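What's counted below: heavy atoms across the whole structure, side chains too, no hydrogens, waters or symmetry copies. FYI, the numbering just counts along the sequence from 1. For ligands, and for the atoms within them, numbers begin at 1 and follow the listed sequence. What you see is a predicted model; the values in this text were computed from it and never measured.
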Amino acid sequence: MNYKLINMKVFGDERGKLVSLEGNINVPFDIKRVYYIFDTSPEQERGKHAHKTLEQIIIAIDGACQFVLDDGKTRETVWLNRPDIGLYIGKNMWREMRHFSYGCKLMILASTHYNEKEYIRNYNEFLRFIK
Ligand code: T46
């Protein structure tokens, strides 16, 4: 399975907490793009695609959601519910996002600029692609 959970170092004191994300240091690629997802709700699912080349780190800055991760052979689920844990997902991994808490906010760091051509949005096509 081409994913892992990364514990980010937290700088905390009586003023609050801070996490720093740096390309090729605690993020295992050059960061080319940052996007965020907000205004989510439990009834709605997202994802349902894979990437041919993209690597990403996903952080639940606020709230929680569940990721389903599938490499074509195995399917695992991961909860994201802490702002100091990053979910790294490498290429060729099918992902689905569900069970969003109301107002969950995800921040995503990506290794490439947006390119719809490298998405695989059909599960059978994904299975054919990874063979
Ligand atoms: C992923 C999960 C975690 C853009 O125009 N630029 C962008 O950088 C992105 C990410 C999306 N878009 C457009 C494409 C769609 O018209 O925004 C719309 C919603 O994107 P999508 O349906 O792909 O959103 P999610 O939440 O299903 O998936 C997103 C990322 O696309 C995907 O790479 O891994 O978040």
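- Looking at atom 21 (P) of ligand 1, its nearest protein heavy atom turns out to be Arg121 NH2, 4.0 Å.
- Counting heavy atoms closer than 4.0 Å to ligand 1, residue Glu45 contributes nothing at all.
- When hydrogens are left out, the protein atom nearest atom 34 (O) of ligand 1 is Gln56 NE2, 2.6 Å; that is the closest non-hydrogen contact.
- For Glu116, no heavy-atom contact with ligand 1 is shorter than 4.0 Å.
- Checking atom 23 (O) of ligand 1 against the protein gives a heavy-atom contact under 4.0 Å.
- Of all heavy-atom pairs between Glu96 and Arg75, the closest is OE2-NH2, 3.5 Å.
- Atoms of ligand 1 found under 4.0 Å from any heavy atom of Arg46, numbered from 1 in the order shown, are 24 (O), 25 (P), 26 (O), 27 (O).
- Summary of contacts: the protein heavy atom closest to atom 31 (O) of ligand 1 is Tyr119 OH, 2.5 Å.
- The minimum heavy-atom distance between Thr77 and Gln66, with the atom names listed, is CB-NE2, 3.8 Å.
- The distance from ligand 1 to the heavy atoms of Arg95 drops below 4.0 Å at these ligand atoms: 34 (O).
- Within a 6.0 Å radius of CZ in Arg82, other residues, nucleotides and ligands contribute 12 heavy atoms or fewer.
- Only the side chain of Ile37 comes within contact range of ligand 1, with a heavy atom under 4.0 Å; no backbone atom does.
- For the pair Asp13 and Arg15, the salt-bridge criterion is met [side-chain N within less than 4.0 Å of a carboxylate O].
- Protein heavy atom at the shortest distance from atom 2 (C) of ligand 1 is Tyr35 OH, 3.6 Å.
- Atoms of ligand 1 lying under 4.0 Å from at least one heavy atom of Tyr114, given by number and element, are 4 (C), 5 (O), 6 (N), 7 (C), 8 (O), 9 (C), 11 (C), 12 (N), 14 (C).
- Applying the 6.0 Å contact sphere to CZ of Phe38 captures no more than 12 heavy atoms from other residues, nucleotides or ligands.
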For this session: Could you walk me through whether Ser111 and Asp30 pass the side-chain contact (heavy atoms from CB on, under 4.5 Å) test, one step at a time?
Result: CA-CA 6 Å; Ser111 66; Asp30 267 336; over 6 Å; no
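- Within a 4.0 Å radius of atom 27 (O) of ligand 1, the protein has at least one heavy atom.
- Looking at Glu118, its side chain does come within 3.5 Å of a backbone N or O of Leu54 through a donor-acceptor pair.
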For this session: Just do the side-chain contact (heavy atoms from CB on, under 4.5 Å) check on Ile57 and Ile6 with the steps written out, would you?
Result: CA-CA 9 Å; Ile57 293 263; Ile6 301 176; 3.6 Å; yes
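- The closest approach between a heavy atom of His51 and any atom of ligand 1 is below 4.0 Å.
- In terms of polar-atom proximity, Gly47 is counted as a contact of ligand 1, with an N or O under 3.5 Å from an N or O of the ligand.
- Checked by atom type, the side-chain pair Asp71/Tyr3 shows no donor-acceptor distance below 3.5 Å.
- Within 4.0 Å of atom 16 (O) of ligand 1, not a single protein heavy atom is present.
- A donor atom on one side chain and an acceptor atom on the other are not found under 3.5 Å apart for Gln56 and Tyr88.
- By the rule that hydrophobic residues join a cluster once side-chain heavy atoms approach within less than 4.5 Å of another member, Trp94 and Phe67 end up as members of separate clusters.
- Using a 4.0 Å cutoff on heavy atoms, Gln44 does not count as a contact of ligand 1.
- When only non-hydrogen protein atoms are considered, atom 8 (O) of ligand 1 lies nearest to Arg33 NH1, 2.6 Å.
- Counting protein heavy atoms only, atom 32 (C) of ligand 1 is closest to His49 NE2, 3.0 Å.
- Side chains of Glu116 and Tyr114: a donor on one and an acceptor on the other come within 3.5 Å.
- Under 4.0 Å from ligand 1, not a single heavy atom of Lys48 appears.
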